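Quick one: this structure, given as structure tokens, is what I'll be asking you about.
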Protein chains: 2
Amino acid sequence: MNFQQLRSVREAVRCGFNLTEVAQALHTSQPGVSRQIRELEQELGIEIFVRQGKRLTGLTAPGRALLPVVERLLTEAQNLHRIGEDFSKGDVGTLSIAATHSQARYALPAVVRDFQARHPGVSLKLHQGSPQQIAQMLVSGEADIGIATQALAEQDPLVALSCYRWTHSVVVPPEHELLQGPLTLQRLAAYPLITYDVGYTGRGTIDDAFHRAGLNMQLVLSAMDADVIKTYVGLGMGVGIVASIAFDEERDQPLRAIDARHLFAINTTSIGLRRGALLRAYAYDFIQSFAPHLKPEIVMQAQATRASAAEPAPL
Amino acid sequence: MNFQQLRSVREAVRCGFNLTEVAQALHTSQPGVSRQIRELEQELGIEIFVRQGKRLTGLTAPGRALLPVVERLLTEAQNLHRIGEDFSKGDVGTLSIAATHSQARYALPAVVRDFQARHPGVSLKLHQGSPQQIAQMLVSGEADIGIATQALAEQDPLVALSCYRWTHSVVVPPEHELLQGPLTLQRLAAYPLITYDVGYTGRGTIDDAFHRAGLNMQLVLSAMDADVIKTYVGLGMGVGIVASIAFDEERDQPLRAIDARHLFAINTTSIGLRRGALLRAYAYDFIQSFAPHLKPEIVMQAQATRASAAEPAPL
DNA sequence: TATCCTTACGGAATTCGTAAGCATG
DNA sequence: CATGCTTACGAATTCCGTAAGGATA
């Protein structure tokens, strides 16, 4: 048994059982991959993949039992390298962060600037994507740290750790009628609305609030980020609903914001990590700088827990 | 990186950093082992072992951080083979159980008999030893399942699961004075006593009880097992204190037993397992047959937890 | 017929054990 | 001076990629 065999198996699952694709991903030849898999199957005395004729089409029962162990083996192998780098390279390396636009634009800049000052040798890679894409990047190992408001705890191999809570604000042009008197869902529903796309930045809690109040939203435009939303509010196309953190009185002149925390449920921004995947020391420092209560030991402890669903019992 | 390198590192620690011994244990040449270790160190960019001149004398800081990961890798590799065997061999294989004499002699026979009937293809190996030896056999992988009343949860790599509770009985020759009137520690202390060796079968709770009552035991003989104890009680050398389960009214004629559950603390017999080490399906069946409340999923869940002491933080 | 996996084969790289060298207690 | 690790070297094995073969949608 060797790691190349394990990599072949993992990649075969990820590539939808197309060994040609696996070979490209692993920078090797297709017959090589085929061999690796067959040799592992032979050594273990089982068939890992279902074969229809010569094509692989899925995992067998033994294969399903095997897969989580294979994933753990490869994760631990990477952990060894991470430990090696932590001691040999110290504060030099790469940190890959995947975040939604909201986080990257409003929550991260201060943290990133401080981090760069403390760890000048670390090259930061900031990826942007939907919460689903972020989760996918974590699972595949493309990203070390994911930051989003939802969907990070939905996959078994991931853990989510709560960082901070926030609420929405309503954004309107200056001297808008909504600036007079108390803000209610009823009044809001009377205007054309501009807010986040479904799946982004607490859009769920907005929909929920209107739905529960029995009101229909007149959504004229939805966008992935607050900057776009504010731009169209500035054009007079409607009333915006954005994360409070995304509005700055000075920068966003001449728009005005109205606190809407009483209208929509509180949102929680979380950090997502891969279970069992040790991070470089500076990554734990980054996390603590983003959420001071997440001390390295606490984060490691959370990562060390295994998904609650027990491994499928063999046989 | 390959598994032979990892095995060399693990074995080097186990063999007290003597690579000659490691080579014997791994059935290979000494220069081979030396090379494996140096190549791994080179790949990871760190020194794993402290070298005084040419000799290895201990682990470096990176080595200490590495070791638990190496152990997990080798455990998971074995898990792969176990899964393979579970599917390919089914109910054929080996089960290695380490137990104290008390367990092997009194608690296990019925379970073992039933197990053999249910799994005729499984070759059972029953090892006997002190709780410390049992723990050691579990850690080294010599034994799959350990059964003892103490010391199984004292090592990080092990989990202990409570199986059943039991108390002691006092064993006396027929028509002994202690058979008259209520049994008390005070009365017991007046006789020469015969019981288990320190570290065996609840001896601790016996010492505790006398100590707390401010009484001195007149210990004339201590032994590892109840059979020896009962033999000397039969010779009139003293009064015996044994686990209640170890006395059978018929078999142990003409001796008499007096229930002593009110004198000594309750003992708990536990099963000990290696964390993260998947067992063959029949092993989980054995456990459930020994302790019906320990269903396979519960046992697996317990094994999946990692030792509470977090990994030493790198750097 | 195009895609995709397997088999076959030959060259290259790796691996491993033996033998010799050298430092240390 | 015996023990224990390293270096050197040559043989054997393993590994891997190319090329050809065959099955399936």
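Small disclaimer: the values here were computed from a predicted structure and weren't measured. Below, all heavy atoms of this structure are taken into account, side chains as well, without hydrogens, waters or symmetry copies.
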Nearest-nucleotide comparison on DNA chain C, the residue closer to the 5′ end among A:Asn18 and B:His27: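 The residue mapped nearer the 5' terminus is A:Asn18.
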
Most 5' of B:Pro31 and B:Glu39 on DNA chain C, judged by nearest nucleotide: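 By nearest-heavy-atom nucleotide position, the 5'-most residue is B:Glu39.
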
Below 4.0 Å: OP1/OP2 of C:dG17 and any side-chain N or O of B:Gln30: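 It does not, given that no N or O in the side chain of B:Gln30 lies less than 4.0 Å from OP1 or OP2 of C:dG17.
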
Contact under 4.0 Å: A:Ser29 side-chain N or O vs D:dT18 OP1/OP2: no

Are OP1 or OP2 of D:dC16 and a side-chain N or O of A:Gln4 less than 4.0 angstrom apart?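 A:Gln4 to D:dC16 OP1/OP2: no side-chain N or O under 4.0 Å.
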
Rounding to an integer number of Å, can you tell me how far A:Lys54 NZ sits from D:dA23 C1'?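 So the two atoms are 6 Å apart, to the nearest Å.
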
Starting at CG of B:Leu56 and ending at C1' of C:dA23, how long is that distance when rounded to a whole Å? 13 Å

Polar side chain donor-acceptor pair, A:Asp197 to A:Ser222, under 3.5 angstrom: yes

Rounded to whole Å, how long is the line connecting atom CD of A:Glu43 with atom P of D:dT14? 13 Å

Is there a donor N/O on one and an acceptor N/O on the other, under 3.5 Å, for the side chain of B:Arg35 and the base of C:dT15?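 Per atom types, no contact qualifies.
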
Would you mind reading off the distance between A:Leu40 atom CG and D:dC15 atom P, rounded to a whole angstrom?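 Going from CG in A:Leu40 over to P in D:dC15 covers 13 Å.
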
Residue closer to the 5' end of DNA chain D, A:Gln52 versus A:Gln36 (nearest nucleotide):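 Result: A:Gln36.
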
Hey, is the side chain of B:Arg38 poking within less than 4.0 Å of OP1 or OP2 on D:dT7, counting only N and O atoms?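 Checking D:dT7 against B:Arg38, a side-chain N or O does come within under 4.0 Å of OP1 or OP2.
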
Exam field: side chain A:Arg280 to backbone A:Glu85, donor-acceptor pair closer than 3.5 Å: yes

Parallel, tilted or perpendicular: which one describes the rings of A:Phe115 and A:Phe286, with boundaries at 30° and 60°?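 Perpendicular, since the angle between the ring planes exceeds 60°.
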
Does the side chain to side chain donor-acceptor pair (under 3.5 Å) test come out yes or no for A:Asn79 and A:Glu76, once each step is laid out? CA-CA 5 Å; A:Asn79 289 348; A:Glu76 296 286 11; 3.0 Å; yes

Of the listed D:dT3, C:dC4, C:dG21, the closest approach to the B:Arg55 side chain comes from D:dT3

Distance below 4.0 Å between B:Thr20 side-chain N/O and D:dC5 OP1 or OP2: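 So the side-chain polar atoms of B:Thr20 do come within 4.0 Å of the phosphate oxygens OP1 or OP2 of D:dC5, strictly under.
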
